[in-house]
Amino acid sequence: MGEYIPSPAAWVADQVELIESSKGTKGTTLKDSGMPVILVTHRGRKTGATRKTPLMRAVDGKSYILVASMGGAPKHPVWYHNLKADLDVEIRDATEVFSMRVREISDPDEKHRLWDLAVAAYPPYQDYQDKTDRIIPVFIAEQSSNTFE
Ligand code: F42
(Lines give C-alpha, C1' and ligand atoms only; values in the text may rest on other atoms or scores of the structure.)
Protein backbone atom coordinates (compact mmCIF):
# COMPACT_ATOMS: atom_id res chain seq x y z
CA MET A 1 0.00 0.00 0.00
CA GLY A 2 1.03 3.61 -0.52
CA GLU A 3 2.16 6.15 2.03
CA TYR A 4 -0.08 6.70 5.07
CA ILE A 5 -2.20 9.84 4.87
CA PRO A 6 -3.87 10.72 8.19
CA SER A 7 -7.55 11.65 8.47
CA PRO A 8 -8.23 15.40 8.16
CA ALA A 9 -10.37 15.08 11.32
CA ALA A 10 -7.88 15.79 14.14
CA TRP A 11 -9.67 13.69 16.80
CA VAL A 12 -9.64 10.70 14.46
CA ALA A 13 -6.00 11.17 13.40
CA ASP A 14 -5.01 11.55 17.08
CA GLN A 15 -6.78 8.33 18.04
CA VAL A 16 -5.09 6.45 15.18
CA GLU A 17 -1.71 7.81 16.28
CA LEU A 18 -2.27 6.71 19.90
CA ILE A 19 -3.41 3.22 18.88
CA GLU A 20 -0.54 2.68 16.43
CA SER A 21 2.24 4.18 18.59
CA SER A 22 1.20 2.03 21.57
CA LYS A 23 0.75 -1.11 19.38
CA GLY A 24 -2.85 -1.26 20.51
CA THR A 25 -2.31 -0.96 24.25
CA LYS A 26 -3.76 2.59 24.33
CA GLY A 27 -6.51 4.53 22.58
CA THR A 28 -8.72 1.53 21.74
CA THR A 29 -11.89 2.92 23.30
CA LEU A 30 -14.25 5.67 22.22
CA LYS A 31 -13.63 8.87 24.16
CA ASP A 32 -15.86 9.19 27.26
CA SER A 33 -17.87 6.01 26.62
CA GLY A 34 -15.08 3.45 27.16
CA MET A 35 -16.54 1.32 24.36
CA PRO A 36 -14.02 -0.69 22.29
CA VAL A 37 -12.74 0.52 18.96
CA ILE A 38 -10.88 -1.34 16.19
CA LEU A 39 -8.60 0.17 13.56
CA VAL A 40 -9.19 -0.63 9.89
CA THR A 41 -6.26 -0.03 7.53
CA HIS A 42 -7.27 0.15 3.89
CA ARG A 43 -6.35 1.70 0.56
CA GLY A 44 -7.58 5.04 -0.81
CA ARG A 45 -9.37 4.26 -4.07
CA LYS A 46 -8.00 7.33 -5.90
CA THR A 47 -4.65 8.06 -4.23
CA GLY A 48 -3.68 4.45 -3.45
CA ALA A 49 -2.58 5.85 -0.08
CA THR A 50 -2.84 3.90 3.15
CA ARG A 51 -5.87 5.05 5.12
CA LYS A 52 -6.59 4.20 8.75
CA THR A 53 -10.14 4.39 10.09
CA PRO A 54 -11.19 3.68 13.67
CA LEU A 55 -14.59 2.00 13.96
CA MET A 56 -16.58 0.58 16.85
CA ARG A 57 -15.77 -3.05 17.67
CA ALA A 58 -18.69 -5.32 16.77
CA VAL A 59 -18.04 -9.00 16.15
CA ASP A 60 -19.71 -12.10 14.78
CA GLY A 61 -17.49 -14.90 16.05
CA LYS A 62 -14.04 -14.19 14.62
CA SER A 63 -15.41 -11.79 12.01
CA TYR A 64 -15.82 -8.04 12.43
CA ILE A 65 -18.94 -6.07 11.53
CA LEU A 66 -18.06 -2.71 9.97
CA VAL A 67 -20.87 -0.14 10.09
CA ALA A 68 -20.55 2.85 7.74
CA SER A 69 -22.61 5.08 10.02
CA MET A 70 -20.49 8.23 10.25
CA GLY A 71 -22.77 9.49 13.01
CA GLY A 72 -25.87 9.31 10.79
CA ALA A 73 -24.47 11.82 8.26
CA PRO A 74 -26.42 12.07 4.96
CA LYS A 75 -23.62 10.58 2.82
CA HIS A 76 -21.64 7.38 3.15
CA PRO A 77 -18.16 7.89 4.62
CA VAL A 78 -15.32 7.93 2.10
CA TRP A 79 -13.93 4.69 3.56
CA TYR A 80 -17.09 2.90 2.40
CA HIS A 81 -16.14 3.63 -1.23
CA ASN A 82 -12.51 2.67 -0.58
CA LEU A 83 -13.58 -0.74 0.77
CA LYS A 84 -15.91 -1.34 -2.18
CA ALA A 85 -12.93 -0.71 -4.50
CA ASP A 86 -10.41 -2.85 -2.58
CA LEU A 87 -11.72 -5.58 -0.30
CA ASP A 88 -8.44 -6.36 1.44
CA VAL A 89 -7.98 -4.69 4.82
CA GLU A 90 -5.94 -5.07 7.96
CA ILE A 91 -7.78 -4.92 11.27
CA ARG A 92 -6.14 -4.10 14.56
CA ASP A 93 -8.18 -5.26 17.57
CA ALA A 94 -6.16 -4.03 20.56
CA THR A 95 -2.83 -5.92 20.34
CA GLU A 96 -3.90 -8.37 17.61
CA VAL A 97 -3.62 -7.63 13.89
CA PHE A 98 -5.50 -9.59 11.23
CA SER A 99 -5.44 -9.60 7.43
CA MET A 100 -9.05 -9.66 6.37
CA ARG A 101 -11.31 -9.41 3.37
CA VAL A 102 -14.55 -7.47 3.48
CA ARG A 103 -17.92 -8.13 1.89
CA GLU A 104 -20.85 -5.71 1.87
CA ILE A 105 -23.98 -7.35 3.22
CA SER A 106 -26.90 -7.29 0.79
CA ASP A 107 -28.95 -10.30 1.88
CA PRO A 108 -31.80 -8.87 4.05
CA ASP A 109 -31.75 -11.70 6.62
CA GLU A 110 -27.99 -11.55 7.03
CA LYS A 111 -28.13 -7.76 7.25
CA HIS A 112 -30.79 -7.93 9.93
CA ARG A 113 -28.82 -10.43 12.02
CA LEU A 114 -25.54 -8.49 11.75
CA TRP A 115 -27.27 -5.15 12.33
CA ASP A 116 -28.73 -6.46 15.61
CA LEU A 117 -25.27 -7.64 16.71
CA ALA A 118 -23.80 -4.24 15.80
CA VAL A 119 -26.50 -2.33 17.70
CA ALA A 120 -26.03 -4.61 20.72
CA ALA A 121 -22.32 -3.73 20.66
CA TYR A 122 -22.91 0.00 20.08
CA PRO A 123 -26.55 1.13 20.61
CA PRO A 124 -26.14 4.60 19.02
CA TYR A 125 -25.96 2.92 15.57
CA GLN A 126 -29.75 2.60 15.75
CA ASP A 127 -30.10 6.34 16.51
CA TYR A 128 -27.86 7.10 13.52
CA GLN A 129 -30.03 4.95 11.24
CA ASP A 130 -33.19 6.58 12.57
CA LYS A 131 -31.92 10.09 11.87
CA THR A 132 -30.68 9.57 8.29
CA ASP A 133 -32.54 8.85 5.04
CA ARG A 134 -29.78 6.61 3.68
CA ILE A 135 -29.61 2.93 4.52
CA ILE A 136 -26.41 2.56 6.54
CA PRO A 137 -24.16 -0.02 4.84
CA VAL A 138 -22.68 -2.94 6.76
CA PHE A 139 -19.63 -5.00 5.85
CA ILE A 140 -18.41 -8.24 7.33
CA ALA A 141 -14.63 -8.60 7.57
CA GLU A 142 -13.49 -12.20 7.46
CA GLN A 143 -10.08 -13.51 8.27
CA SER A 144 -7.64 -14.61 5.59
CA SER A 145 -4.57 -14.96 7.87
CA ASN A 146 -3.38 -13.54 11.16
CA THR A 147 -0.36 -12.37 13.06
CA PHE A 148 -0.04 -11.83 16.78
CA GLU A 149 2.10 -9.18 18.36
N1 F42 B 1 -17.29 5.99 11.70
C2 F42 B 1 -18.18 5.11 11.26
O3 F42 B 1 -18.70 5.28 10.13
N4 F42 B 1 -18.57 4.04 12.04
C5 F42 B 1 -18.03 3.82 13.27
O6 F42 B 1 -18.35 2.81 13.91
C7 F42 B 1 -17.07 4.77 13.76
C8 F42 B 1 -16.45 4.64 15.03
C9 F42 B 1 -15.42 5.51 15.39
C10 F42 B 1 -14.73 5.33 16.61
C11 F42 B 1 -13.67 6.15 16.96
C12 F42 B 1 -13.29 7.16 16.06
O13 F42 B 1 -12.21 7.93 16.37
C14 F42 B 1 -13.95 7.37 14.88
C15 F42 B 1 -15.05 6.55 14.52
N16 F42 B 1 -15.72 6.72 13.32
C17 F42 B 1 -16.69 5.84 12.92
C18 F42 B 1 -15.34 7.79 12.39
C19 F42 B 1 -14.47 7.18 11.29
O20 F42 B 1 -13.19 6.87 11.80
C21 F42 B 1 -14.33 8.12 10.08
O22 F42 B 1 -13.58 9.25 10.48
C23 F42 B 1 -15.67 8.58 9.54
O24 F42 B 1 -16.49 7.45 9.27
C25 F42 B 1 -15.49 9.38 8.28
O26 F42 B 1 -14.81 8.56 7.33
P27 F42 B 1 -14.28 9.20 5.96
O28 F42 B 1 -13.55 8.10 5.24
O29 F42 B 1 -15.38 9.88 5.24
O30 F42 B 1 -13.19 10.23 6.53
C31 F42 B 1 -13.03 11.52 6.02
C32 F42 B 1 -13.00 12.55 7.15
C33 F42 B 1 -11.68 11.51 5.39
O34 F42 B 1 -10.72 10.96 5.91
N35 F42 B 1 -11.62 12.09 4.24
C36 F42 B 1 -10.38 12.17 3.51
C37 F42 B 1 -10.14 13.54 3.00
O38 F42 B 1 -8.97 13.84 2.79
O39 F42 B 1 -11.12 14.27 2.84
C40 F42 B 1 -10.48 11.24 2.32
C41 F42 B 1 -9.75 10.04 2.61
C42 F42 B 1 -9.77 9.07 1.44
O43 F42 B 1 -9.96 7.89 1.68
N44 F42 B 1 -9.55 9.50 0.17
C45 F42 B 1 -9.57 8.59 -0.96
C46 F42 B 1 -8.20 8.25 -1.47
O47 F42 B 1 -8.08 7.80 -2.64
O48 F42 B 1 -7.22 8.35 -0.70
C49 F42 B 1 -10.41 9.21 -2.06
C50 F42 B 1 -11.77 8.60 -2.00
C51 F42 B 1 -12.79 9.34 -2.89
O52 F42 B 1 -13.65 8.66 -3.39
O53 F42 B 1 -12.71 10.57 -3.03
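Whatever order the structure lists ligands and atoms in, that order sets their numbers, starting from 1.
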Rounded distance [0.5 Å steps], [atom1] in [X] versus [atom2] in [Y]:
{"X": "Ile135", "Y": "Gln129", "atom1": "CD1", "atom2": "CD", "result": "5.0 Å"}
{"X": "Ile105", "Y": "Trp115", "atom1": "CD1", "atom2": "CH2", "result": "13.0 Å"}
{"X": "Leu39", "Y": "Glu90", "atom1": "CG", "atom2": "CD", "result": "8.5 Å"}

Notebook entry, point to check: Any protein heavy atom sitting closer than 4.0 Å to atom 41 (C) of ligand 1?
Noted result: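 Yes, because at least one protein heavy atom sits under 4.0 Å from atom 41 (C) of ligand 1.
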Check: Tyr125 heavy atoms, cut-off 4.0 Å: which ligand 1 atoms fall inside?
Finding: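 Once the distances to Tyr125 are compared, the set is 5 (C), 6 (O).
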Nearest protein heavy atom to [atom], by residue and atom, and its distance?
{"atom": "atom 4 (N) of ligand 1", "result": "Val67 O, 2.9 Å"}
{"atom": "atom 22 (O) of ligand 1", "result": "Val12 CG2, 3.7 Å"}
{"atom": "atom 5 (C) of ligand 1", "result": "Leu55 CD2, 3.5 Å"}
{"atom": "atom 53 (O) of ligand 1", "result": "Lys46 NZ, 3.2 Å"}
{"atom": "atom 48 (O) of ligand 1", "result": "Thr47 OG1, 2.5 Å"}
{"atom": "atom 13 (O) of ligand 1", "result": "Gln15 OE1, 2.7 Å"}
{"atom": "atom 24 (O) of ligand 1", "result": "Trp79 NE1, 3.0 Å"}
{"atom": "atom 44 (N) of ligand 1", "result": "Arg51 NH2, 3.4 Å"}

List the atom of [X], the atom of [Y], and the distance in Å for their closest heavy-atom pair.
{"X": "Val138", "Y": "Lys111", "result": "CG2-CE, 3.5 Å"}
{"X": "Pro6", "Y": "Arg51", "result": "O-NH1, 4.1 Å"}
{"X": "Ala68", "Y": "Trp79", "result": "CA-CZ2, 3.4 Å"}
{"X": "Tyr125", "Y": "Ser69", "result": "CE2-OG, 3.4 Å"}
{"X": "Arg43", "Y": "Gly48", "result": "CG-O, 3.6 Å"}
{"X": "Val67", "Y": "Ala118", "result": "CG2-CB, 3.7 Å"}

Checklist line | Trp11/Lys31 under side-chain contact (heavy atoms from CB on, under 4.5 Å): CA gap, chis, key distance, verdict | finding: CA-CA 10 Å; Trp11 71 279; Lys31 52 179 180 177; 4.0 Å; yes
Does any N/O atom on [X] come nearer than 3.5 Å to any N/O atom on ligand 1?
{"X": "His42", "answer": "no"}
{"X": "His81", "answer": "no"}
{"X": "Met70", "answer": "yes"}
{"X": "Val78", "answer": "yes"}
{"X": "Trp11", "answer": "no"}

Notebook entry, point to check: More than 12 foreign heavy atoms under 6.0 Å from NE2 of His112: is that the case here?
Noted result: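 No - once you tally the heavy atoms of other residues, nucleotides and ligands closer than 6.0 Å, there are 12 at most.
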Proximity of [X] to ligand 1 by residue part, where a heavy atom lies under 4.0 Å:
{"X": "Ala9", "answer": "neither"}
{"X": "Ala49", "answer": "neither"}
{"X": "Met56", "answer": "both"}

Note to self: With a 4.5 Å cut-off on side-chain heavy atoms, are Lys62 and Phe98 touching?
What the structure shows: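 The answer is no; the side chains never approach within 4.5 Å.
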Check: Considering Thr53, Asn82, Leu30, which one's heavy-atom position lies nearest to atom 45 (C) of ligand 1?
Finding: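 Residue with the shortest heavy-atom distance to the ligand atom: Asn82.
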Check: Hey, looking at atom 35 (N) of ligand 1, which of Pro54, Pro8, Ala68 has the closest heavy atom?
Finding: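 It is Pro8 whose heavy atom sits nearest to atom 35 (N) of ligand 1.
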Check: So, Glu20 side chain and Gln15 main chain: donor-acceptor pair closer than 3.5 Å or not?
Finding: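 No; judged by distance alone, with no hydrogens or angles, the pair does not exist.
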Margin query: For Tyr122, state whether at least one heavy atom is located under 4.0 Å from any atom of ligand 1.
Written below: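 So Tyr122 does not count as touching ligand 1.
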